[in-house]
Amino acid sequence: MTNQIKTVRGRVMRQASRYVVVGLLTLGTAWSNAAAAATSTLKDISYDTLPGGRVELHLNFAQGPVPEPKIFTTGNPPRIAVDFPDTDNAAARHLDIGKGSTTGVSAVSAGGRTRVVVELVRDSTYRSRVEGNSLVLTVNNGTDSQTTTTASTIDPSKALPSMASGPAVSNIDFRRGPNGEGRILIDFSAAGASADMKHQGDKVIVDISHANLPPNLAQRLDVLDFATPVQSIVTKSSGGGAHMEISTKGVVDTSAYQSGNQYVVEVAPKKKDPKADAALAKGQEPVYTGNRVTFNFQDIPVRSALQLLADISGLNLVASDTVGGSVTLRLVNVPWDQALDVVLRAKSLDKRRNGNVIWIAPQDELAKYEQSIADARMKAEDNAELITDYVPISYGKAKDIAKLLTTGSQQSQGGGGNSANTTHGFLSARGSVSFDDRTNTLLINDNPQKIRELRALIAVLDKPVQQVLIESRIVIATDNFTRELGAKFGIQGKKVNPSGQTLSTGGQSNGDGTAGGINVNLPTSTQAGSFALGILGKNYALDLELSAAQTEGRGEVISSPRVITANQQEAVIRQGQEIGYVTYQNSATGAAGSGTATVQFKDAVLELKVTPTITSDNRVYLMINVKKDALADFITVPGSGQVPQIDTREINTSVLVDNGQTVVLGGIYEITKQNNATKVPGLGDIPGLGVLFRNTSRESDKAELLIFVTPRILSESLQ
């Protein structure tokens, strides 16, 4: 297989005298296939720069007179085309200029005709005249002059009119766009000014020609507060115009356009094209980004078309000897890389790119070549000398990594791969791996290339695992309120009859002539305070006591367990007590203490159990269980002694939390209210007086449980 590098520009066009070839950014036009004998030769092209960004082109011919030109212009892209009939081309294929609105000049020859294309960055007017054996084409820097086209009979002494003084920069403003882009707005006092934009490191340079800059606008603008990629704007006078430096931050996309008397530069953060990513993910056609070109190919040899594309792209193109045939295409304003793919697809060709070199060959030829390369590589691996290497493992376990190296390929292929990979994983067919637990070292026996690959893979796997600090707060708040009212009183009376006997009234005789008091006893259970009253008379006695009690209590229990664990590793922390109790078995009488005694225990602990997972966006996913138990009381069980009663509070959940953020996992709010009354039937319901015949109590208990969790990813310096 032999490859030929196509690098000669003029030779390709002279060989294609029967075809129409229109180059980069040139409007395609079909030329006649009948080639006439050339009577003139374009010898060379030179240029001079004039004030105001104008360019004067000299198209010099080897012999006169100058052929009558046919000149036309295009607007998208902006170009000036000059056709010379019966003319050969001996000038350079392309001439770079980069002055004013003129970027360069190209000259091509086909079918006995020569076309000269003036490449522009914007629509510009021009003038032409003949001087001896030269056609002089003056290209203005914009459209501020009238277009005048002359033939070979134009008076060569006719001079160009002098240009008026240019407009002035009237204002420079900065605005922030809706998507965070920065916009620099340059206003001119009149038409005729032009601006060129280019990149220079982290700056965007704008050169404004043919415009005056007032002293008050020669200043530095600090635009940091606008939160755009633009940091500052420095404007100063430069010759007959102005020079602007726009400092940017980060990777940006820039664009510029001129509308009327305003020139706008837009600097936006560079973003990925989601459509392009989606297209690549779905295996669709790629997104093309090359410069746009226009072609009109009439049955042109494929090798000639590839040569023209190589000249346009600036890349080195290598075509196989088996590339041949002809192709007919008409492409208007398409990227050059898409045009290349169209040509390759039409002729069942394919390409491989390495840096700035593109190799083009038939698809089956490329496939055979790549298969031969793969076979040679596999054969070289089979014949390579095996060496032994020792890889110490720092953060993982050598046993686990050895298993991964030998089974990873089997897991990824799902049983559908070849037997060699299924058996050896990431090793070659002759490779092997073992490990030493004592020194935590891998022992690898394989060819040198595979060992280098394995070392790179192990370096990726053997890294310290991130750790997470989990802080939890368990708050139990209680609020108790109790109020009681009660009374007790007694009445005692006596009466002496005429015979001198003392009789009790309203009571029961005590046997000694006295009577016991009539008592009502409904006091409070808690004697916090009482009021007593006694009334004595000749024949009676009244004792009265009112009692009242009010109890208030507020309590708060705060538990704060905290634990550090590695990423995706469960951690448990517990604190509390085991409560022991005795039970009896095989009791003959059923009485406590008569059977076989057994001591048992129940846990009353605070426990935090958590498994953190650090996500790719630096957040923490928690699988967490929090438990808070406490001893409430002992319950007496007949025949078995007393058994503890445990108050249990527990939550089991999963939550996604930002690093350092505190989240409330859950809460329980309990309210208990109770009103009790003990009274003498009938008498206790008497309005007013009934309070002496009843006891009342009111209770209100509140309890609240809250659990807070805060995960913090520890930096490597703290681990």
Kindly indicate, with the supporting measurements, whether the criterion side chain to side chain contact (heavy atoms under 4.5 Å, CB included) is fulfilled by V105 and Y47. CA-CA 10 Å; V105 179; Y47 72 94; over 6 Å; no
Could you please spell out the steps behind the side chain to side chain contact (heavy atoms under 4.5 Å, CB included) verdict for V657 and V709? CA-CA 9 Å; V657 188; V709 172; over 6 Å; no
Working for side chain to side chain contact (heavy atoms under 4.5 Å, CB included), residues L340 and L306: CA-CA 7 Å; L340 176 60; L306 295 177; 3.7 Å; yes
Would Q661 and V663 count as a side chain to side chain contact (heavy atoms under 4.5 Å, CB included) here? Give the steps. CA-CA 6 Å; Q661 181 186 17; V663 62; 5.5 Å; no
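Between D462 and P392, the shortest heavy-atom contact is OD2-O, 4.1 Å. In terms of heavy atoms, D350 sits closest to L344 at C-CD1, 4.2 Å. Of all heavy-atom pairs between V136 and H58, the closest is CG2-ND1, 3.7 Å. Considering all non-hydrogen atoms of both residues, V252 and K249 come closest at CG1-O, 3.9 Å. When every heavy atom of V265 is checked against every heavy atom of M197, the shortest pair comes out as CG1-SD, 3.7 Å. The two residues N140 and S101 have their closest heavy-atom pair at O-OG, 3.1 Å.
T103 contributes a side-chain N or O that, together with a main-chain N or O of E119, makes up a donor-acceptor pair within less than 3.5 Å. At least one donor-acceptor pair under 3.5 Å links the side chain of R54 to the backbone N or O of P51. No donor-acceptor pair closer than 3.5 Å links the side chain of D187 to the backbone N or O of Q262. In this structure a side-chain-to-backbone donor-acceptor pair under 3.5 Å is present from N440 to G396. Side chain of S472 to backbone of F708: a donor-acceptor contact under 3.5 angstrom is found. Under a 3.5 Å cut-off, the side chain of D96 and the backbone N or O of G104 do not form any donor-acceptor pair. Under a 3.5 Å cut-off, the side chain of R176 and the backbone N or O of F226 do form a donor-acceptor pair. When atom types are taken as modelled, the side chain of N567 and the backbone of I614 share a donor-acceptor pair closer than 3.5 angstrom. Without hydrogens or angle criteria, S170 side chain to A168 main chain gives no donor-acceptor distance under 3.5 Å. The backbone N or O of L120 lies less than 3.5 Å from a partner atom in the side chain of R79, making a donor-acceptor pair.
The environment of R352 atom CZ is dense: over 12 non-hydrogen atoms of other residues, nucleotides or ligands sit within 6.0 angstrom. Crowding of D617 atom CG: a count of heavy atoms from other residues, nucleotides or ligands under 6.0 Å exceeding 12. Within 6.0 Å of atom CZ in R122, more than 12 heavy atoms from other residues, nucleotides or ligands are found, so the atom counts as buried in its surroundings. Summarising the local packing, CZ of R220 is surrounded by more than 12 heavy atoms from other residues, nucleotides or ligands at distances under 6.0 Å. Shown here is N356, whose CG atom has more than 12 heavy atoms of other residues, nucleotides or ligands within 6.0 Å.
Residue T653 holds its OG1 atom at 10.0 Å from CE of M623, rounded to the nearest 0.5 Å. The line from OG of S237 to CG of N212 is 8.5 Å long, rounded to the nearest 0.5 Å. To the nearest 0.5 angstrom, L217 atom CG is 11.0 Å from D173 atom CG. A distance of 5.5 Å separates NE2 of H243 from NZ of K236, quoted to the nearest 0.5 Å. Atoms CD1 and OG1, on I470 and T565 in that order, are 6.5 Å from each other to the nearest 0.5 Å. Atom CD1 of I401 and atom CD1 of I393 lie 4.0 Å apart (nearest 0.5 Å).
Remark: R712 pairs with E471 by the side chain to side chain donor-acceptor pair (under 3.5 Å) rule, at least two apart or across chains.
I97 has its side chain out of reach of V118: every pair of non-hydrogen atoms, C-beta onward, lies at least 4.5 Å apart. L315 is listed as a side-chain neighbour of R353, based on a closest heavy-atom distance under 4.5 Å. Using a 4.5 Å heavy-atom threshold, the side chains of P78 and V121 count as separate. In this structure the side chain of L656 reaches within 4.5 angstrom of the side chain of T615, judged on heavy atoms. Contact annotation: the side chain of V169 approaches that of F188 to within less than 4.5 Å [non-hydrogen atoms, C-beta and beyond]. In this structure the side chain of I707 never reaches within 4.5 angstrom of the side chain of K628, judged on heavy atoms. Contact of the E453 side chain with the F426 side chain is not registered, since no non-hydrogen atoms from C-beta on lie closer than 4.5 Å. Between V82 and Y126 the shortest side-chain heavy-atom distance does not fall below 4.5 Å.
In summary, R129 and E56 engage in a salt bridge, as defined by a charged side-chain N under 4.0 Å from a carboxylate O.
With T254 as reference, H199 is the one residue of E181, E266, H199 to meet the side chain to side chain donor-acceptor pair (under 3.5 Å) rule.
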